Peer 1: 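Questions regarding the structure given below will be posed in turn.
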Amino acid sequence: MLSFLFKRRAFQGGVHPEDRKQATSHLPIQTLPLPERLYVPVQQHIGAAAQPRVQTGQKVLKGEMIATGSGPVSAAVHAPTSGTVVAVEPHPAPHPSGLPVQTIVIEPDGDDRWVDEPEPEHALNLEPEVIAQRVAEAGVVGMGGATFPAAIKLNLGSRHTIDTLVINGSECEPYLTCDDRLMRERTQEVIDGVRIMRHALGARHTLIVLEDNKPEALAALQEHLYEMDHLEAISVPTRYPMGSEKHMIKAVTGREIPAGKLGADIGVIVHNVGTAYAVHRAVRMRRPLVSRIVTVGGGAVQRPANLQVPLGTRVEELLAYCGGTRETPARLLMGGPMMGQIMPHAQVPVVKGTNGVIALTAAEINIDDPMPCIRCGRCVAACPCGLMPLEMASRIRSEDMDGAAAYGLMDCVACGSCSYVCPSHIPLVQYFQHAKGVLADRREQQRRQEELKELAQQRRARQEAEAKAKAEAAARKKAEREAKKRAQQAKAKEKPAPAKDNEKAEA
Amino acid sequence: MTHPAKLILDDYRRLFRDGIWDNNVVMAQMLALCPLLAVTGTATNGLGMGLATTFVMVAAALLISMLRGIITPEVRIPVFILLIAALVTLVDLVMNAYLYEMHKALGLFIPLIVTNCAILGRAESFASRQPVHRAVVDGLAMGVGFTLILVVLGAVREIPGSGTLFADARLLLGDGFAWMELTLIPEYRGFLLMILPPGAFLALGFILAGKRVLDTRLANRAAAVKMAQA
Amino acid sequence: MYAAIVVLTAMGLLLGYSLGMAAKYLKVEKDPLVDEIEDMLPGTNCGQCGLPGCSSAAQALAAHEAPVTLCPPGGKALAQQLADKLSVSVDLSGMEEEAPAFARIKEDQCNGCTRCYKVCATDAIMGANRQIHTVFTEACNGCGKCVEVCPTNGLVLVPETPTLRTWRWSKPEAR
Amino acid sequence: MTEFMLLLLGTALVNNVVLVQFLGLCPFMGVSNKLDTALSMGLATTFVLTLASVAGWLLEYFVLAPLDLGFLRILSFILVIAAVVQFTELVIRKTSAALHRVLGIFLPLITTNCAVLGVALLNIQEGHGFLQSVTFGFGAALGFTLVMVIFAGLRERLAVNNVPAAFAGAPIAFIVAGLLSLGFMGFAGLDFA
Amino acid sequence: MTTTTPVSGPHTHAPGGVTTQMGWVILALLPATAFGVYLFGWPALNLLLITVLAAIAFEVISLRIAKRPVTPFLMDGSALLTGLLLALTLPPWAPWWIAVLGAGFAIVVGKHVFGGLGQNLFNPAMLARVALLVSFPLEMTTWVTPQPMFAEGSPGFIEGLAITFGLAAIPDAMTGATVLGETQTGFSRDLGLSETLPGVYDPMQQALGFIPASMGEGSALLLLAGGLVLMARRIISWEIPVAMLGTLAGLATIFMLIDPERFAGPGLHLISGGAMLAAFFIATDPVTSPSTMRGRLIFGAGCGLLIYVIRTWGGYPEGIAFAIILMNGLAPLIDHYLRPRTYGRTRGGKPLEPKASAPAAPVTEKRP
Amino acid sequence: MTTVAQPSYRQRVGYHSALLGGIALMASAVLVITDMQTRDTIAERQAEDFRQTLEQVIPASVHDNQPQQDTYQLQTADGSSLEIYRARQEGRVSAVAFQVTGRGYAGPIEILMGVDAEGEVLGVRVLRHKETPGLGDKIEVARDPWILSFDGLSLGDPPRDDWAVKKDGGIFDQFTGATITPRVVVNAVRDGLELFEQHRSTLLQRGDESAPSALAPPPALLSPEEPTS
Ligand SMILES: Cc1cc2nc3c(=O)[nH]c(=O)nc-3n(C[C@H](O)[C@H](O)[C@H](O)COP(=O)(O)O)c2cc1C
Ligand SMILES: Cc1cc2nc3c(=O)[nH]c(=O)nc-3n(C[C@H](O)[C@H](O)[C@H](O)COP(=O)(O)O)c2cc1C
Ligand SMILES: Cc1cc2nc3c(=O)[nH]c(=O)nc-3n(C[C@H](O)[C@H](O)[C@H](O)COP(=O)(O)O)c2cc1C
Ligand SMILES: Cc1cc2nc3c(=O)[nH]c(=O)nc-3n(C[C@H](O)[C@H](O)[C@H](O)CO)c2cc1C
Ligand code: SF4
Ligand code: SF4
Ligand code: SF4
Ligand code: SF4
Ligand code: FES
């Protein structure tokens with residue numbers, strides 16, 4: 001009778017948010033017409049911002065590199081269409097703060113002309129390093145939301161033994177259907193991208209993993225896969241956050257990534273299906289990443305849709321294309337409702353990591369004013385990382401960040417399962433984000449202090465050395481003077497008592 | 001110029017203010033809790049304990065301050081303890097002989113004046129560094145402060161607990177003090193919790209909270225006055 | 001009755017003897033705490049704590065003569081560390097987590113007197129005599145000494161401009 | 001054997017030194033902010049308390065009683081306790097530097113923990129035999145450690161809770177101690193017969 | 001379309017909140033409460049209303065003093081629930097001042113000095129019950145045999161008021177002792193269970209509630225039903241009730257097998273003394289119980305153990321309230337030491353050893 | 001205080017030893033004197049205390065000796081011994097007092113009872129108990145006169161079966177809400193009377209024979225099994 005309580009689960013914790021995908025899952029991908037202006041930020045990825053290499057007034061062609069990656073973790077940015085650069089200036093970033101970020105503003109000329117027309121390549125003959133390099137040149141970043149430069153992950157095969165490549169098609173966030181549509185409509189391209197990545201990594205097994213709420217996509221994939229390929233598509237139970245790398249690995253391989261390590265350390269690499277598609281475009285078609293598929297949804301949107309959008313298009317254009325909003329959205333999000341970011345306004349551009357633009361009504365949000373924690377433990381049960389969110393939050397509330405860290409703050413993936421279930425509607429994730437920020441500030445400050453200490457010590461050493469040198473110089477001078485004097489005296493009076501002089505010198 | 005006598009008086013006033021309120025053994029230093037909670041079933045017991053402790057405190061302060069010149073750090077603590085223990089034994093014997101009933105009521109807690117942390121603490125931090133007169137006044141102030149809180153806690157527990165105040169005061173102070181024994185609520189069966197151990201903790205908790213509220217009020221008022229003057 | 005006197009005196013003698021021996025043979029070495037604390041302090045000897053430098057600050061802290069919140073450059077984090085080290089409990093909620101500030105030279109007012117250059121403990125100011133000086137922000141700890149000495153009021157402390165990298169989530173309001 | 005087990009349980013739970021007998025309250029209140037410290041304090045006290053019970057018993061029945069020196073009991077006990085504490089500290093310092101770092105600062109505090117003297121005196125007052133004294137001392141220390149650790153756990157929770165300003169700190173700690181002792185009243189009259 | 005302060009995700013929420021939870025608990029208690037009111041008549045209804053209203057009044061006063069918003073905190077229903085649970089554990093004909101004093105202790109000392117909802121360390125209702133028990137043992141152990149409402153001989157509305165407000169004494173003929181009280185009295189007369197139990201203990205009557213008891217002690221079956229509803233709705237977890245009742249029954253069985261004259265069996269222990277109420281509604285109070293699964297198992301087992309020990313060997317005839325307060329005291333320790341295992345770490349909190357390239361992933365075989 | 005320079009002799013172990021020893025010497029001297037001053041008074045007080053309790057169960061009118069000094073160890077049937085205080089009128093034992101114990105609600109209840117030569121209760125007092133204040137503590141004479149209801153009763157009056165609280169069909173009042181405590185006291189007193197009855201001859205005749213003396217005879221001389229002529 002109690003067997004339902006003991007059901008073995010793919011990973012501990014997790015939640016079942018209402019998935020609300022039916023509004024868009026049946027809608028084919030439409031191409032958004034070119035907007036009047038494109039606002040392309042130089043920072044669309046994790047890591048250092050790219051360096052702009054165009055000037056105002058310069059003409060650019062579609063796919064032309066307009067900013068180069070700088071440093072080991074960075075990604076290039078390409079012109080999403082042909083046109084004129086009208087400004088390189090700060091512009092509000094697609095970020096909750098709405099702070100400005102360096103942005104290249106392009107006025108399309110309407111031709112949408114590519115830089116070049118290369119031949120498709122026999123990608124599977126290429127060396128892994130070459131593949132990685134092409135991916136890097138194409139500015140491909142992880143399309144699953146983390147926007148980590150994909151080339152770096154594809155290069156990991158050289159340093160680690162990768163036995164399994166997992167392609168993440170779970171799309172566990174409510175509302176989002178862009179990956180689903182991608183797998184259904186561009187199945188072969190996705191599979192080709194997967195093959196290229198597998199080749200680059202040298203993985204023996206490859207799994208394309210879907211949640212079991214996407215049977216059509218699974219069928220489409222399986223239709224194009226054949227048995228001997230060691231490449232298969234499987235479905236896993238629908239449970240948020242199945243899409244999280246750690247939990248997906250646990251669910252399909254039973255392995256856990258040790259704290260502080262990467263998937264590669266246990267031989268598994270996870271990539272999003274969108275990334276696979278982008279890799280296919282980059283390596284096979286030699287096309288950089290200049291557009292992406294975005295789900296526009298949420299109760300406040302007139303006509304939800306799946307759109308292929310040039311990067312840099314402002315969110316308001318997407319909404320306008322979808323017939324505008326029926327009511328003022330209570331929250332405008334980029335990404336899904338669980339991990340997506342709230343946008344300060346609709347004038348922010350779509351970037352490489354934008355998988356959804358979701359305009360939610362108050363009823364959909366369903367978040368009340370927070371009450372005190374009643375220690376019900378639901379957050380503990382929901383946390384897929386085995387943390388105790390309530391303890392971390394109470395410590396953060398009383399400013400005990402170290403206490404929160406001791407409770408595992410740094411192991412939190414910010415999935416939001418805990419906040420989602422909390423009956424007291426406590427913004428737990430925001431507490432954690434805040435604390436992570438404070439700790440980061442502290443580390444930063446500490447690092448600075450170390451540096452400053454070093455500097456101060458150097459200065460002191462220098463000053464001391466100078467003082468010593470000065471003193472020595474003075475002593476030397478004095479000695480010289482004395483010697484001179486003595487010589488003069490000696491010269492002047494040939495016969496004084498020499499003992500007296502000795503005494504003086506000694507004193 | 002202020003008269004030296006006034007200076008001394010001011011100094012003593014400060015010491016008393018410290019002992020009774022600002023740096024009260026219990027309310028500020030959180031020491032001497034065992035006798036405090038254990039014997040305050042009635043205000044009378046509290047008074048008895050307070051008087052005994054005050055005597056020991058004053059005498060210990062006197063002796064220790066007098067001896068402070070010859071005591072070395074190595075044997076400081078044993079010497080203090082020895083002196084305090086001797087004084088306590090003295091009190092014990094005398095009370096046993098001349099205040100027999102009271103002695104029965106205070107029981108184990110007379111000997112434990114020895115380990116009353118407050119006495120040793122005060123000996124360490126004050127008496128052993130101060131001239132005799134200040135040490136004695138301080139001992140007295142601390143003792144009075146302790147006695148006051150003992151009596152207050154005793155009253156706070158006794159009134160709701162058994163409906164009386166200073167019950168059996170006669171046994172402590174002599175028949176002349178029978179008038180102190182009040183029965184506030186006749187035929188009252190009592191809110192027993194207050195005289196049981198939990199009540200002791202609860203009552204002290206609420207007294208401390210009360211002091212906190214009072215202190216903030218006073219501080220606010222003082223700040224307001226200062227603002228007004230400025 | 002003499003037994004009483006004998007017994008107690010004997011105990012006293014014995015205890016005094018053993019304590020004396022203990023004190024002699026088991027002397028505690030110099031308190032290593034001061035050094036440990038000094039290591040934790042920023043070490044820029046900026047004097048904002050009102051003490052002549054970090055090592056005297058460390059001594060004062062070890063002797064519990066100064067509050068753990070004494071060092072502004074160290075901020076709340078240092079105060080917390082110190083509190084833990086000294087096992088004292090402090091309420092740090094009142095202590096503002098001050099946004100770090102940096103000195104900036106108003107170029108039109110700098111006359112190149114080099115005074116600021118000389119007081120800066122971290123060599124954050126660069127420039128030569130009679131030339132406009134600049135502050136190397138990475139090395140500035142915002143102590144403000146240079147601001148004090150500048151004869152033309154040409155130095156100001158400005159807070160860091162927020163960027164996406166330095167932006168932080170605020171703490172939620174709790175009811 | 002059962003007799004001693006029952007005495008142990010009775011001393012630790014039914015007549016808990018702190019919550020029922022009101023002994024050792026200052027360290028109970030003072031050193032219970034952190035769980036780890038509370039545990040260390042409890043262990044140090046356990047050691048000293050047991051040893052002091054033994055020493056007190058020996059002193060009483062080999063020196064004080066034969067010589068009819070009952071009135072010197074307080075004086076000699078406290079001296080012996082001071083010696084035991086000092087001795088413990090020496091031993092710990094010699095044998096384990098790590099242990100000394102954990103327990104060291106608490107040892108001097110124990111001299112003025114009235115539970116130590118109180119239990120030694122109670123042993124005599126109740127006429128306990130030698131083994132009984134040991135059991136009683138150990139049981140009392142066990143009870144002390146137990147409530148100390150429980151209380152420290154509760155206070156760690158209080159520290160992150162939203163206690164009103166008037167009660168935060170000492171007042172609420174006393175109230176919690178009171179409520180805990182209310183719970184311990186459930187053991188009153190516990191009688192394994 | 002602009003948001004002033006950025007808020008972090010998630011931007012959606014599962015249905016329900018604190019009020020909903022409390023509401024369900026109250027709902028689940030209603031059948032047993034209604035039955036109790038029916039069994040013990042007007043005085044019981046009076047007591048119930050007084051306790052609940054007093055609890056709410058004290059809540060409002062406390063919130064006012066603390067200068068906190070009254071409406072949201074009153075609407076959460078926790079004060080109502082505390083009052084209701086307290087009323088269910090009082091002798092149904094207790095005088096009004098017991099109810100008021102108890103509600104005051106629960107809400108003020110048990111809850112608001114800690115900072116109100118969610119901040120308290122002990123179960124407010126149980127604190128109040130224990131404080132009343134040790135302070136007013138007479139009133140708190142005066143039980144009546146069931147006098148169903150409108151039945152012959154049972155007090156009418158006016159008489160009910162008289163009883164509650166202390167104007168009329170409870171007729172001796174109507175008083176009785178609870179089973180546990182009766183067995184304890186029996187032991188003091190050196191009577192074994194076989195002599196005391198017949199006549200006072202009939203499992204069926206006991207389970208239904210036709211016994212001298214509090215409203216929450218009888219009607220064990222209705223309480224069980226309510227508890228199962230809460231479990232099914234995931235408002236309470238299964239761990240605490242199962243562990244608590246399991247431990248209690250297990251211990252009772254073991255000792256009964258050792259000496260049936262001295263130790264009552266599991267049946268009596270489970271259906272008397274409010275074990276059901278405690279297992280499903282009181283020990284499960286989220287605020288004062290551990291928040292992890294393993295913690296709750298330990299907590300429940302500890303409650304069961306303490307209840308058995310105090311009932312069997314202790315001085316008080318009932319153990320539940322004490323056991324729960326004691327385990328509440330241990331809950332922070334349990335939560336401190338029994339944390340769940342963090343992903344990627346061992347139970348001790350150390351990172352796992354990386355299992356470099358494990359053999360082929362098990363699921364690859366599973367292609368449909 | 002730590003920074004003050006110490007004369008060198010103070011750092012010697014001998015100084016510490018002497019200091020502590022000297023202070024111990026003085027302390028013990030003071031205490032010895034106090035002890036000598038108070039020892040007798042304390043003993044008197046304790047004796048007086050006990051005498052007053054005894055007085056309550058054996059009225060002064062029935063004796064002319066000091067019962068607290070006229071003790072006798074009675075060997076009871078279960079092998080333990082019981083201290084008996086004997087009151088004498090002109091050398092003849094007129095009444096005895098002894099202690100009985102019952103297991104009350106919350107622990108043992110120790111009772112002192114006085115019985116005259118006829119087996120009639122002269123007085124009963126509770127010495128120590130742990131019953132609940134406000135409930136079981138009405139057995140203290142200071143709170144309730146209930147305990148006086150034993151005065152003048154004996155085993156036959158009332159009849160044996162009536163030696164019980166009313167709830168159990170006897171004649172003694174119980175307290176509302178607390179039956180256990182009075183039940184235990186009634187049983188204990190009855191048991192005490194039965195004990196007296198059993199050993200009556202020993203208790204009374206023994207006394208007749210030996211001359212009244214201030215000192216209790218050494219127990220070795222008194223062997224209760226030994227028949228007396
Ligand atoms: C809570 C959480 C949920 C996630 N959900 C998804 C998801 O639904 N789909 C997805 O592709 N990646 C998801 N990710 C990101 C994955 O962890 C991982 O970064 C990504 O699949 C790696 O592929 P990429 O680098 O190609 O983007 C999620 C991450 C987290 C922390
Ligand atoms: C704090 C408090 C304590 C009380 N304690 C008692 C009590 O111990 N006994 C009692 O009979 N009534 C007690 N009462 C109730 C009132 O005294 C009530 O008026 C009284 O019980 C009515 O008298 P009656 O019960 O004799 O008719 C208490 C009331 C309060 C507010
Ligand atoms: C807290 C508490 C204290 C009690 N104290 C006593 C007591 O001191 N003496 C006593 O006889 N019964 C005491 N009782 C026992 C109950 O009142 C018990 O039900 C009663 O003695 C049984 O007798 P009855 O037949 O009069 O109901 C106490 C009960 C409780 C709950
Ligand atoms: C399942 C459940 C059980 C509860 N049990 C109690 C209880 O036993 N006693 C109580 O005072 N409040 C109880 N509450 C209400 C609430 O948690 C309580 O008022 C808080 O302890 C006050 O901070 C319960 C609430 C829930 C949801
Ligand atoms: S889910 Fe919310 S209310 Fe429940 S324990 Fe977690 S933080 Fe507290
Ligand atoms: S946000 Fe962090 S703490 Fe909350 S459920 Fe996700 S991983 Fe756990
Ligand atoms: S304020 Fe800090 S950095 Fe500056 S001197 Fe003082 S301790 Fe050193
Ligand atoms: S504020 Fe001025 S003196 Fe201080 S570190 Fe910065 S530049 Fe140097
Ligand atoms: S008075 Fe007992 S420990 Fe302080």
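Numbers restart at 1 for each chain; the letters A, B, ... are given by sequence-line order, proteins then strands. What you see is a predicted model, and the numbers here were worked out from it, not measured in a lab.
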Peer 1: Side chain, backbone, both or neither: which part of D:L179 has a heavy atom under 4.5 Å from chain E?
Peer 2: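 Interface part for D:L179: both.
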Peer 1: Quick one: CG on D:L180 to CZ on E:F122, what's the gap to the nearest 0.5 Å?
Peer 2: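 Output value for this atom pair is 5.0 Å.
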Peer 1: Drop me the distance from E:L330's CG to D:I150's CD1, to the nearest 0.5 angstrom.
Peer 2: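 Those atoms lie 4.0 Å apart.
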Peer 1: Is D:V176 close to chain E through its backbone or its side chain, or both, or neither, when contacts mean heavy atoms under 4.5 Å?
Peer 2: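 Both backbone and side chain of D:V176 come within 4.5 Å of chain E.
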Peer 1: Distance from D:N161 atom CG to E:N120 atom CG, nearest 0.5 Å?
Peer 2: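 Between atom CG of D:N161 and atom CG of E:N120 there are 8.5 Å.
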Peer 1: Under 4.5 Å heavy-atom distance to chain E, tell me which part of D:F151 shows up: side chain, backbone, both or neither.
Peer 2: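 The answer is neither part of D:F151.
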Peer 1: Would you say the side chain of D:L158 lies within less than 4.5 Å of the side chain of E:F114, judging by non-hydrogen atoms?
Peer 2: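 Yes, side chains in contact.
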Peer 1: Is there a side-chain contact between E:L121 and D:R157, using heavy atoms and a 4.5 Å cut-off?
Peer 2: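 Result yes, sub-4.5 Å side-chain heavy-atom pair found.
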Peer 1: Identify which part of E:L306 has an atom lying under 4.5 Å from any heavy atom of chain D, answering side chain, backbone, both or neither.
Peer 2: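 Just its side chain gets close to chain D.
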Peer 1: CD1 of D:I172 to CD of E:Q119: how many Å apart, nearest 0.5 Å?
Peer 2: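 So the CD1 of D:I172 and the CD of E:Q119 are separated by 10.5 Å.
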Peer 1: So which residue, E:A331, E:A131, E:G329, ends up with the most heavy-atom pairs under 4.5 Å with chain D?
Peer 2: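 Sorted descending by pairs with chain D, the first entry is E:G329.
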Peer 1: Output the distance between atom CG (D:L35) and atom CG (E:L333), rounded to the nearest 0.5 Å.
Peer 2: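 Here the rounded value is 5.5 Å.
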Peer 1: Please flag which part of E:D335 lies under 4.5 Å from any non-hydrogen atom of chain D: side chain, backbone, both or neither.
Peer 2: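 Only the side chain of E:D335 comes within 4.5 Å of chain D.
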Peer 1: I need the minimum non-hydrogen distance between E:P332 and D:G153, along with the two atoms involved.
Peer 2: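 Result for this residue pair: CB-O, 3.5 Å.
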Peer 1: Starting at CD1 of E:I325, measure out to CZ of D:F184 and round the result to the nearest 0.5 Å.
Peer 2: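 Between E:I325 CD1 and D:F184 CZ, I get 12.0 Å after rounding to 0.5 Å.
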Peer 1: Taking atom CZ of E:F58 as the centre, report whether more than 12 heavy atoms of other residues, nucleotides or ligands fall under 6.0 Å from it.
Peer 2: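 Counting neighbours around CZ of E:F58, more than 12 heavy atoms of other residues, nucleotides or ligands fall under 6.0 Å, so yes.
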Peer 1: Identify which of D:A165, D:G186, D:A152 forms the greatest number of heavy-atom pairs closer than 4.5 Å to chain E.
Peer 2: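 Top option by heavy-atom pairs under 4.5 Å: D:G186.
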Peer 1: Would you mind checking which part of D:V147 comes under 4.5 Å of any heavy atom in chain E, side chain (CB onward), backbone (N, CA, C, O), both or neither?
Peer 2: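 D:V147 has no heavy atom closer than 4.5 Å to chain E.
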Peer 1: Can you tell which of E:I334, E:N328, E:L326 has the highest number of heavy-atom pairs within less than 4.5 Å of chain D?
Peer 2: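 Option with the greatest count: E:L326.
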